[in-house]
Undergrad: 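Attaching a single structure in C-alpha coordinates format; questions to follow.
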2 protein chains.
Amino acid sequence: MSLPHAVLGMLRYRPMTGYDLKLFFDKAMESVWPAQISQIYRELSLMEAKGWIGSHIEPQETRPDRKVYSITDDGEVTFKEWLEKFPRSLSVTTRDDFSLRMFFSSGLSPEELKFQLKRFIREKQDEISDQQAVERYLEKMSEEMGHPEDEFHWRMTLRRSSILAEALILWAEDCYEELVEKYPS
Amino acid sequence: MSLPHAVLGMLRYRPMTGYDLKLFFDKAMESVWPAQISQIYRELSLMEAKGWIGSHIEPQETRPDRKVYSITDDGEVTFKEWLEKFPRSLSVTTRDDFSLRMFFSSGLSPEELKFQLKRFIREKQDEISDQQAVERYLEKMSEEMGHPEDEFHWRMTLRRSSILAEALILWAEDCYEELVEKYPS
DNA sequence: GAATTCATGTAACTTGTTACATGATTTA
DNA sequence: TAAATCATGTAACAAGTTACATGAATTC
(Lines give C-alpha, C1' and ligand atoms only; values in the text may rest on other atoms or scores of the structure.)
Protein backbone atom coordinates (compact mmCIF):
# COMPACT_ATOMS: atom_id res chain seq x y z
CA MET A 1 0.00 0.00 0.00
CA SER A 2 2.58 2.56 -1.01
CA LEU A 3 0.95 4.33 -3.93
CA PRO A 4 -0.92 6.77 -1.65
CA HIS A 5 2.32 7.52 0.15
CA ALA A 6 4.08 8.24 -3.11
CA VAL A 7 1.24 10.64 -3.91
CA LEU A 8 1.57 12.29 -0.50
CA GLY A 9 5.30 12.62 -1.06
CA MET A 10 4.66 14.54 -4.26
CA LEU A 11 1.90 16.71 -2.91
CA ARG A 12 4.28 17.88 -0.20
CA TYR A 13 6.19 19.65 -2.97
CA ARG A 14 3.16 21.45 -4.33
CA PRO A 15 -0.55 20.99 -5.02
CA MET A 16 -1.22 18.93 -8.12
CA THR A 17 -4.01 17.45 -10.21
CA GLY A 18 -4.27 13.75 -10.98
CA TYR A 19 -2.90 14.54 -14.40
CA ASP A 20 0.10 16.39 -12.97
CA LEU A 21 0.80 13.43 -10.72
CA LYS A 22 0.62 11.06 -13.65
CA LEU A 23 3.26 13.08 -15.49
CA PHE A 24 5.54 13.00 -12.48
CA PHE A 25 5.04 9.26 -12.05
CA ASP A 26 5.78 8.64 -15.72
CA LYS A 27 8.71 10.95 -16.10
CA ALA A 28 10.46 10.65 -12.78
CA MET A 29 9.28 7.63 -10.84
CA GLU A 30 8.64 4.92 -13.40
CA SER A 31 11.60 2.89 -12.22
CA VAL A 32 10.62 3.20 -8.56
CA TRP A 33 6.84 3.11 -8.51
CA PRO A 34 4.88 3.14 -11.78
CA ALA A 35 1.20 4.05 -11.66
CA GLN A 36 -1.69 4.04 -14.08
CA ILE A 37 -3.75 7.21 -14.43
CA SER A 38 -6.90 5.30 -13.51
CA GLN A 39 -5.24 4.04 -10.37
CA ILE A 40 -4.18 7.55 -9.41
CA TYR A 41 -7.70 8.96 -9.73
CA ARG A 42 -9.13 6.12 -7.69
CA GLU A 43 -6.48 6.55 -5.02
CA LEU A 44 -7.01 10.30 -4.84
CA SER A 45 -10.70 9.76 -4.04
CA LEU A 46 -9.86 7.33 -1.28
CA MET A 47 -7.21 9.62 0.14
CA GLU A 48 -9.58 12.58 0.19
CA ALA A 49 -12.15 10.44 2.01
CA LYS A 50 -9.49 9.63 4.62
CA GLY A 51 -8.71 13.31 5.02
CA TRP A 52 -5.08 13.04 3.90
CA ILE A 53 -5.63 15.47 1.05
CA GLY A 54 -8.09 18.21 0.11
CA SER A 55 -9.10 19.55 -3.28
CA HIS A 56 -10.45 22.62 -5.01
CA ILE A 57 -11.64 23.18 -8.56
CA GLU A 58 -9.80 25.54 -10.87
CA PRO A 59 -12.12 26.43 -13.74
CA GLN A 60 -10.59 26.59 -17.20
CA GLU A 61 -12.07 27.83 -20.44
CA THR A 62 -10.68 25.76 -23.23
CA ARG A 63 -9.70 22.74 -21.13
CA PRO A 64 -11.65 20.64 -18.61
CA ASP A 65 -11.58 22.13 -15.11
CA ARG A 66 -8.59 21.21 -13.01
CA LYS A 67 -9.17 19.46 -9.68
CA VAL A 68 -6.18 20.45 -7.64
CA TYR A 69 -5.26 18.35 -4.61
CA SER A 70 -3.14 19.46 -1.71
CA ILE A 71 -1.84 17.65 1.34
CA THR A 72 -3.50 18.21 4.74
CA ASP A 73 -1.84 18.21 8.16
CA ASP A 74 -3.18 14.71 8.64
CA GLY A 75 -1.59 13.72 5.36
CA GLU A 76 1.74 15.14 6.46
CA VAL A 77 1.63 13.07 9.62
CA THR A 78 0.65 9.91 7.75
CA PHE A 79 3.47 10.47 5.29
CA LYS A 80 6.04 11.04 8.00
CA GLU A 81 5.03 7.90 9.85
CA TRP A 82 5.26 5.86 6.69
CA LEU A 83 8.63 7.33 5.77
CA GLU A 84 10.14 6.40 9.10
CA LYS A 85 8.97 2.80 8.89
CA PHE A 86 11.54 1.40 6.49
CA PRO A 87 10.65 -2.14 5.45
CA ARG A 88 12.90 -5.15 5.18
CA SER A 89 14.25 -4.98 1.66
CA LEU A 90 12.72 -7.57 -0.59
CA SER A 91 14.54 -9.40 -3.27
CA VAL A 92 14.38 -7.17 -6.36
CA THR A 93 14.46 -10.12 -8.59
CA THR A 94 10.92 -11.22 -7.95
CA ARG A 95 8.45 -12.01 -10.69
CA ASP A 96 10.43 -11.46 -13.79
CA ASP A 97 8.82 -12.82 -16.93
CA PHE A 98 12.06 -12.96 -18.82
CA SER A 99 13.89 -14.94 -16.14
CA LEU A 100 11.01 -17.32 -15.69
CA ARG A 101 11.27 -18.34 -19.34
CA MET A 102 15.01 -18.55 -18.99
CA PHE A 103 14.59 -20.89 -16.04
CA PHE A 104 12.68 -23.32 -18.24
CA SER A 105 14.59 -22.60 -21.43
CA SER A 106 16.05 -26.07 -21.86
CA GLY A 107 12.98 -26.55 -24.06
CA LEU A 108 14.25 -23.86 -26.43
CA SER A 109 16.98 -24.00 -29.04
CA PRO A 110 20.27 -22.45 -27.90
CA GLU A 111 20.10 -20.17 -30.93
CA GLU A 112 16.74 -18.78 -29.88
CA LEU A 113 17.99 -18.21 -26.37
CA LYS A 114 21.08 -16.44 -27.66
CA PHE A 115 18.87 -14.22 -29.78
CA GLN A 116 16.69 -13.34 -26.79
CA LEU A 117 19.71 -12.53 -24.67
CA LYS A 118 21.01 -10.15 -27.32
CA ARG A 119 17.65 -8.46 -27.44
CA PHE A 120 17.61 -8.26 -23.65
CA ILE A 121 20.98 -6.55 -23.68
CA ARG A 122 19.80 -3.98 -26.22
CA GLU A 123 16.72 -3.23 -24.16
CA LYS A 124 18.75 -2.69 -21.02
CA GLN A 125 21.07 -0.36 -22.89
CA ASP A 126 18.05 1.67 -23.99
CA GLU A 127 16.89 1.74 -20.39
CA ILE A 128 20.18 3.32 -19.38
CA SER A 129 19.86 5.94 -22.11
CA ASP A 130 16.34 6.77 -20.97
CA GLN A 131 17.68 7.51 -17.52
CA GLN A 132 19.29 10.66 -18.82
CA ALA A 133 15.89 12.12 -19.70
CA VAL A 134 14.71 11.29 -16.19
CA GLU A 135 17.65 13.12 -14.68
CA ARG A 136 17.05 16.20 -16.82
CA TYR A 137 13.40 16.21 -15.77
CA LEU A 138 14.24 15.94 -12.09
CA GLU A 139 16.74 18.76 -12.35
CA LYS A 140 14.06 20.96 -13.91
CA MET A 141 11.51 19.95 -11.28
CA SER A 142 13.75 20.56 -8.29
CA GLU A 143 14.29 24.12 -9.56
CA GLU A 144 10.63 24.69 -10.38
CA MET A 145 9.33 23.36 -7.10
CA GLY A 146 11.96 25.02 -4.97
CA HIS A 147 13.10 21.92 -3.12
CA PRO A 148 16.77 21.83 -4.10
CA GLU A 149 17.74 19.50 -1.24
CA ASP A 150 15.49 16.79 -2.68
CA GLU A 151 17.43 16.49 -5.91
CA PHE A 152 20.29 14.84 -4.07
CA HIS A 153 17.98 12.14 -2.72
CA TRP A 154 16.23 11.71 -6.04
CA ARG A 155 19.52 11.18 -7.79
CA MET A 156 20.75 8.65 -5.23
CA THR A 157 17.56 6.66 -5.70
CA LEU A 158 17.54 6.89 -9.47
CA ARG A 159 21.09 5.73 -9.87
CA ARG A 160 19.84 2.37 -8.64
CA SER A 161 18.06 1.73 -11.92
CA SER A 162 21.17 2.34 -13.98
CA ILE A 163 23.31 0.23 -11.70
CA LEU A 164 20.84 -2.63 -11.90
CA ALA A 165 20.54 -2.33 -15.67
CA GLU A 166 24.33 -2.44 -15.96
CA ALA A 167 24.51 -5.50 -13.73
CA LEU A 168 21.88 -7.24 -15.85
CA ILE A 169 23.81 -6.50 -19.03
CA LEU A 170 26.86 -8.17 -17.51
CA TRP A 171 24.70 -11.11 -16.45
CA ALA A 172 23.19 -11.54 -19.91
CA GLU A 173 26.58 -11.27 -21.59
CA ASP A 174 27.90 -13.89 -19.25
CA CYS A 175 25.00 -16.22 -20.04
CA TYR A 176 25.50 -15.61 -23.73
CA GLU A 177 29.13 -16.61 -23.56
CA GLU A 178 28.35 -19.73 -21.55
CA LEU A 179 25.82 -20.71 -24.17
CA VAL A 180 28.30 -20.15 -26.99
CA GLU A 181 30.81 -22.32 -25.15
CA LYS A 182 28.32 -25.09 -24.54
CA TYR A 183 26.61 -24.95 -27.91
CA PRO A 184 28.98 -23.42 -30.48
CA SER A 185 27.03 -22.62 -33.64
CA MET B 1 -0.38 -14.38 -16.03
CA SER B 2 2.74 -16.45 -15.60
CA LEU B 3 2.06 -18.41 -12.46
CA PRO B 4 0.20 -21.15 -14.36
CA HIS B 5 3.08 -21.38 -16.81
CA ALA B 6 5.57 -21.74 -14.00
CA VAL B 7 3.40 -24.57 -12.68
CA LEU B 8 3.28 -26.19 -16.13
CA GLY B 9 7.04 -25.90 -16.37
CA MET B 10 7.42 -27.83 -13.13
CA LEU B 11 4.84 -30.46 -13.93
CA ARG B 12 6.79 -31.25 -17.10
CA TYR B 13 9.48 -32.61 -14.82
CA ARG B 14 7.17 -34.89 -12.92
CA PRO B 15 3.63 -35.05 -11.48
CA MET B 16 3.29 -33.10 -8.25
CA THR B 17 0.78 -32.08 -5.59
CA GLY B 18 0.07 -28.48 -4.69
CA TYR B 19 2.20 -28.97 -1.66
CA ASP B 20 5.13 -30.30 -3.72
CA LEU B 21 4.83 -27.30 -6.01
CA LYS B 22 4.87 -24.95 -3.04
CA LEU B 23 8.14 -26.49 -1.84
CA PHE B 24 9.71 -26.05 -5.25
CA PHE B 25 8.50 -22.47 -5.47
CA ASP B 26 9.87 -21.68 -2.02
CA LYS B 27 13.16 -23.43 -2.31
CA ALA B 28 14.11 -22.88 -5.92
CA MET B 29 12.05 -20.14 -7.49
CA GLU B 30 11.52 -17.55 -4.82
CA SER B 31 13.76 -15.06 -6.53
CA VAL B 32 12.13 -15.58 -9.92
CA TRP B 33 8.46 -16.12 -9.18
CA PRO B 34 7.27 -16.46 -5.58
CA ALA B 35 3.85 -17.97 -4.94
CA GLN B 36 1.57 -18.42 -1.96
CA ILE B 37 0.19 -21.89 -1.28
CA SER B 38 -3.37 -20.56 -1.47
CA GLN B 39 -2.64 -19.09 -4.87
CA ILE B 40 -1.22 -22.37 -6.11
CA TYR B 41 -4.30 -24.36 -5.09
CA ARG B 42 -6.59 -21.83 -6.74
CA GLU B 43 -4.51 -21.81 -9.90
CA LEU B 44 -4.42 -25.61 -10.06
CA SER B 45 -8.23 -25.73 -10.07
CA LEU B 46 -8.39 -23.21 -12.89
CA MET B 47 -5.76 -25.04 -14.89
CA GLU B 48 -7.54 -28.34 -14.52
CA ALA B 49 -10.77 -26.68 -15.72
CA LYS B 50 -8.88 -25.49 -18.78
CA GLY B 51 -7.59 -28.98 -19.44
CA TRP B 52 -3.92 -28.09 -19.07
CA ILE B 53 -3.45 -30.55 -16.23
CA GLY B 54 -5.15 -33.65 -14.87
CA SER B 55 -5.21 -35.10 -11.38
CA HIS B 56 -5.63 -38.32 -9.48
CA ILE B 57 -5.96 -39.04 -5.78
CA GLU B 58 -3.29 -41.03 -3.97
CA PRO B 59 -4.78 -42.25 -0.69
CA GLN B 60 -2.56 -42.12 2.37
CA GLU B 61 -3.11 -43.55 5.78
CA THR B 62 -1.54 -41.27 8.33
CA ARG B 63 -1.53 -38.14 6.14
CA PRO B 64 -4.28 -36.41 4.13
CA ASP B 65 -4.70 -37.90 0.66
CA ARG B 66 -2.41 -36.55 -2.01
CA LYS B 67 -3.97 -34.95 -5.10
CA VAL B 68 -1.32 -35.46 -7.73
CA TYR B 69 -1.42 -33.26 -10.83
CA SER B 70 0.20 -34.06 -14.15
CA ILE B 71 0.51 -32.08 -17.35
CA THR B 72 -1.71 -32.96 -20.33
CA ASP B 73 -0.80 -32.72 -24.03
CA ASP B 74 -2.78 -29.50 -24.15
CA GLY B 75 -0.74 -28.22 -21.24
CA GLU B 76 2.49 -29.07 -23.02
CA VAL B 77 1.38 -27.09 -26.07
CA THR B 78 0.29 -24.12 -23.95
CA PHE B 79 3.61 -24.17 -22.13
CA LYS B 80 5.65 -24.34 -25.35
CA GLU B 81 3.75 -21.43 -26.89
CA TRP B 82 4.28 -19.35 -23.78
CA LEU B 83 7.97 -20.22 -23.60
CA GLU B 84 8.58 -19.09 -27.17
CA LYS B 85 6.89 -15.74 -26.64
CA PHE B 86 9.63 -13.90 -24.79
CA PRO B 87 8.39 -10.54 -23.52
CA ARG B 88 10.09 -7.20 -23.67
CA SER B 89 12.14 -7.09 -20.50
CA LEU B 90 10.67 -4.78 -17.93
CA SER B 91 12.65 -2.61 -15.63
CA VAL B 92 13.52 -4.75 -12.59
CA THR B 93 13.53 -1.78 -10.40
CA THR B 94 9.79 -1.33 -10.30
CA ARG B 95 7.84 -0.93 -7.08
CA ASP B 96 10.47 -1.08 -4.47
CA ASP B 97 9.35 0.05 -1.05
CA PHE B 98 12.84 0.78 0.14
CA SER B 99 13.70 3.00 -2.84
CA LEU B 100 10.42 4.84 -2.65
CA ARG B 101 11.27 5.94 0.89
CA MET B 102 14.76 6.80 -0.21
CA PHE B 103 13.34 8.96 -3.00
CA PHE B 104 11.54 11.08 -0.41
CA SER B 105 14.15 10.75 2.31
CA SER B 106 15.06 14.41 2.49
CA GLY B 107 12.48 14.42 5.28
CA LEU B 108 14.64 12.04 7.30
CA SER B 109 17.77 12.69 9.31
CA PRO B 110 20.96 11.71 7.49
CA GLU B 111 21.80 9.48 10.47
CA GLU B 112 18.59 7.53 10.10
CA LEU B 113 19.18 7.09 6.38
CA LYS B 114 22.73 5.91 6.99
CA PHE B 115 21.40 3.38 9.47
CA GLN B 116 18.85 2.08 6.98
CA LEU B 117 21.47 1.77 4.26
CA LYS B 118 23.67 -0.31 6.57
CA ARG B 119 20.73 -2.55 7.33
CA PHE B 120 19.96 -2.82 3.64
CA ILE B 121 23.52 -3.94 2.94
CA ARG B 122 23.34 -6.62 5.63
CA GLU B 123 20.07 -7.94 4.23
CA LYS B 124 21.48 -8.16 0.72
CA GLN B 125 24.49 -10.03 2.04
CA ASP B 126 22.17 -12.52 3.70
CA GLU B 127 20.33 -12.87 0.42
CA ILE B 128 23.57 -13.87 -1.29
CA SER B 129 24.27 -16.47 1.40
CA ASP B 130 20.79 -17.91 0.99
CA GLN B 131 21.51 -18.47 -2.68
CA GLN B 132 23.86 -21.26 -1.80
CA ALA B 133 21.04 -23.29 -0.28
CA VAL B 134 19.03 -22.72 -3.45
CA GLU B 135 21.85 -24.05 -5.57
CA ARG B 136 22.24 -27.15 -3.43
CA TYR B 137 18.50 -27.80 -3.68
CA LEU B 138 18.51 -27.45 -7.46
CA GLU B 139 21.44 -29.80 -7.79
CA LYS B 140 19.56 -32.39 -5.76
CA MET B 141 16.39 -31.89 -7.77
CA SER B 142 18.02 -32.17 -11.16
CA GLU B 143 19.41 -35.54 -10.12
CA GLU B 144 16.15 -36.72 -8.60
CA MET B 145 14.02 -35.67 -11.50
CA GLY B 146 16.38 -36.90 -14.14
CA HIS B 147 16.58 -33.70 -16.13
CA PRO B 148 20.31 -32.95 -15.91
CA GLU B 149 20.25 -30.53 -18.87
CA ASP B 150 17.90 -28.23 -16.94
CA GLU B 151 20.39 -27.56 -14.18
CA PHE B 152 22.50 -25.47 -16.52
CA HIS B 153 19.53 -23.23 -17.31
CA TRP B 154 18.47 -23.04 -13.69
CA ARG B 155 21.91 -21.94 -12.64
CA MET B 156 22.13 -19.30 -15.35
CA THR B 157 18.82 -17.87 -14.20
CA LEU B 158 19.60 -18.01 -10.51
CA ARG B 159 22.91 -16.27 -10.83
CA ARG B 160 20.87 -13.20 -11.71
CA SER B 161 19.72 -12.81 -8.11
CA SER B 162 23.24 -12.84 -6.74
CA ILE B 163 24.48 -10.43 -9.37
CA LEU B 164 21.64 -8.04 -8.61
CA ALA B 165 22.19 -8.32 -4.88
CA GLU B 166 25.88 -7.55 -5.36
CA ALA B 167 25.07 -4.55 -7.53
CA LEU B 168 22.67 -3.26 -4.89
CA ILE B 169 25.30 -3.58 -2.19
CA LEU B 170 27.65 -1.45 -4.26
CA TRP B 171 24.84 1.06 -4.80
CA ALA B 172 24.02 1.29 -1.12
CA GLU B 173 27.69 1.63 -0.15
CA ASP B 174 28.02 4.41 -2.68
CA CYS B 175 24.99 6.21 -1.27
CA TYR B 176 26.33 5.77 2.23
CA GLU B 177 29.61 7.39 1.32
CA GLU B 178 27.93 10.27 -0.42
CA LEU B 179 25.86 10.86 2.68
CA VAL B 180 28.91 10.81 4.91
CA GLU B 181 30.59 13.34 2.64
CA LYS B 182 27.58 15.62 2.58
CA TYR B 183 26.64 15.23 6.24
CA PRO B 184 29.71 14.19 8.25
CA SER B 185 28.63 13.14 11.69
C1' DG C 1 -6.24 14.27 -41.52
C1' DA C 2 -4.22 11.72 -37.64
C1' DA C 3 -2.05 11.65 -33.39
C1' DT C 4 -0.92 13.86 -29.12
C1' DT C 5 -1.92 16.81 -25.09
C1' DC C 6 -4.86 18.27 -21.44
C1' DA C 7 -8.31 16.70 -18.11
C1' DT C 8 -11.74 14.08 -15.96
C1' DG C 9 -13.18 9.62 -14.35
C1' DT C 10 -15.88 4.54 -14.02
C1' DA C 11 -16.17 -0.48 -14.43
C1' DA C 12 -14.56 -4.87 -15.01
C1' DC C 13 -11.05 -7.90 -14.60
C1' DT C 14 -6.73 -10.14 -12.96
C1' DT C 15 -3.42 -11.15 -9.66
C1' DG C 16 -1.40 -11.35 -5.22
C1' DT C 17 -1.90 -11.38 0.02
C1' DT C 18 -3.79 -12.55 4.50
C1' DA C 19 -6.69 -14.94 7.43
C1' DC C 20 -9.22 -18.88 8.53
C1' DA C 21 -10.20 -24.02 9.03
C1' DT C 22 -8.75 -28.98 9.95
C1' DG C 23 -5.81 -32.57 11.98
C1' DA C 24 -2.47 -36.36 12.70
C1' DT C 25 2.59 -37.04 13.03
C1' DT C 26 7.10 -35.86 13.92
C1' DT C 27 10.95 -33.21 15.56
C1' DA C 28 13.24 -29.88 18.74
C1' DT D 1 5.09 -29.17 25.16
C1' DA D 2 5.53 -26.21 21.39
C1' DA D 3 6.59 -25.84 16.69
C1' DA D 4 7.18 -27.69 12.28
C1' DT D 5 5.79 -30.97 8.50
C1' DC D 6 2.43 -32.94 5.54
C1' DA D 7 -1.84 -32.00 3.06
C1' DT D 8 -6.03 -30.03 1.69
C1' DG D 9 -8.53 -25.91 0.59
C1' DT D 10 -12.04 -21.33 0.99
C1' DA D 11 -13.04 -16.44 1.62
C1' DA D 12 -12.12 -11.85 1.91
C1' DC D 13 -9.36 -8.27 0.84
C1' DA D 14 -5.85 -5.32 -1.58
C1' DA D 15 -3.62 -3.70 -5.57
C1' DG D 16 -2.60 -3.41 -10.36
C1' DT D 17 -4.21 -3.57 -15.39
C1' DT D 18 -7.19 -2.85 -19.31
C1' DA D 19 -11.03 -1.08 -21.52
C1' DC D 20 -14.34 2.35 -22.00
C1' DA D 21 -16.26 7.24 -22.29
C1' DT D 22 -15.88 12.36 -23.41
C1' DG D 23 -14.09 16.34 -26.00
C1' DA D 24 -11.70 20.64 -27.35
C1' DA D 25 -7.14 22.30 -28.81
C1' DT D 26 -2.93 21.69 -30.69
C1' DT D 27 0.89 19.68 -33.21
C1' DC D 28 2.83 16.64 -36.89
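First the proteins, then the strands, lettered A, B, ... as listed; each starts at 1.
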Undergrad: I'd like to know if Glu84(B) and Lys80(B) make a salt bridge, using a cut-off of under 4.0 Å between side-chain N and carboxylate O.
TA: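 Salt bridge present between Glu84(B) and Lys80(B).
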Undergrad: What's the CG-C1' distance between Asp26(A) and dC6(C), to the nearest Å?
TA: 14 Å
Undergrad: Suppose we screen for side chain to side chain donor-acceptor pair (under 3.5 Å). Which residues come up paired with Ser2(A), at least two apart in sequence or across chains?
TA: Asp97(B)
Undergrad: If each of Pro64(B) and Thr62(A) is mapped to the nucleotide of DNA chain D with the nearest heavy atom, which maps nearer the 5' terminus, i.e. the 5' end?
TA: Pro64(B)
Undergrad: Answer whether the closest heavy-atom distance between the side chains of Met145(A) and Met10(A) falls below 4.5 Å.
TA: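 Side chain of Met145(A) against side chain of Met10(A), heavy atoms only: no contact under 4.5 Å found.
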Undergrad: What residues form a ring-ring contact (aromatic ring centres under 6.0 Å, His included) with Tyr13(A), not counting sequence neighbours?
TA: His147(A), Trp154(A)
Undergrad: Figure out the CG/P separation between Leu46(A) and dA15(D), and round it to whole Å.
TA: 10 Å
Undergrad: For Gln36(A), enumerate each residue passing the side chain to side chain donor-acceptor pair (under 3.5 Å) test, keeping only those at least two apart in sequence or located in another chain.
TA: none
Undergrad: What is the separation between atom CE on Met47(A) and atom C1' on dA14(D), rounded to the nearest whole Å?
TA: 16 Å
Undergrad: With sequence neighbours excluded, give me every salt bridge (Lys or Arg N to Asp or Glu O under 4.0 Å) pair touching residues 30-58 of chain A.
TA: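 Qualifying pairs: Glu58(A)-Arg66(A).
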Undergrad: Sort and list the pairs that fulfil ring pair (Phe, Tyr, Trp, His ring centres under 6.0 Å) and have at least one residue in residues 163-185 of chain A, not counting sequence neighbours.
TA: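 Ring pair (Phe, Tyr, Trp, His ring centres under 6.0 Å) check on residues 163-185 of chain A returns Phe120(A)-Trp171(A).
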Undergrad: How would you list, by chain and number, every residue that makes a side chain to side chain donor-acceptor pair (under 3.5 Å) with Asp65(B), sequence neighbours excluded?
TA: none
Undergrad: Measure CD/Glu61(B) against P/dT25(C) and give the value in whole Å, please.
TA: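 Those two atoms, CD and P, are 11 Å apart.
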Undergrad: Counting primed atoms plus P, OP1 and OP2 as sugar-phosphate and everything else as base, spell out the protein contacts along nucleotides 9-19 of chain C at 4.0 Å heavy-atom distance: B, S or - for each nucleotide, 5' to 3'.
TA: BB----SBBBB
Undergrad: Can you sort out the partners of Phe25(A) under ring-ring contact (aromatic ring centres under 6.0 Å, His included), two or more places apart, ordered by chain and number?
TA: none
Undergrad: Show me the protein contacts with nucleotides 2-5 of chain D, counting only N or O atoms at under 3.5 Å.
TA:
residue	atom	partner	partner atom	Å
dT5(D)	O2	Arg63(B)	NH1	3.3

Undergrad: Measure CD1/Ile57(A) against P/dC6(C) and give the value in whole Å, please.
TA: 19 Å
Undergrad: Mind checking what makes ring-ring contact (aromatic ring centres under 6.0 Å, His included) contact with Trp82(A), not counting sequence neighbours?
TA: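 ring-ring contact (aromatic ring centres under 6.0 Å, His included) check on Trp82(A) returns His5(A), Phe79(A).
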Undergrad: In whole angstrom, what separates Ile40(A)'s CD1 from dT18(D)'s P?
TA: 15 Å
Undergrad: Throw together a table of side-chain donor-acceptor distances under 3.5 angstrom for residues 103-110 of chain B, partners on residues two or more places apart or in other chains.
TA:
residue	atom	partner	partner atom	Å
Ser105(B)	OG	His153(A)	ND1	2.7
Ser105(B)	OG	Met102(B)	O	2.6
Ser106(B)	OG	Asp150(A)	OD1	3.3
Ser106(B)	OG	Asp150(A)	OD2	2.8
Ser109(B)	OG	Glu112(B)	N	3.0

Undergrad: Separation of Leu21(A) atom CG from dA7(C) atom P, in whole Å?
TA: 13 Å
Undergrad: Note the angle between the end axes of the helix from dG1(C)-dC28(D) to dA28(C)-dT1(D), five pairs defining each, rounded to 10 degrees.
TA: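 The two end axes of the helix from dG1(C)-dC28(D) to dA28(C)-dT1(D) meet at 60°.
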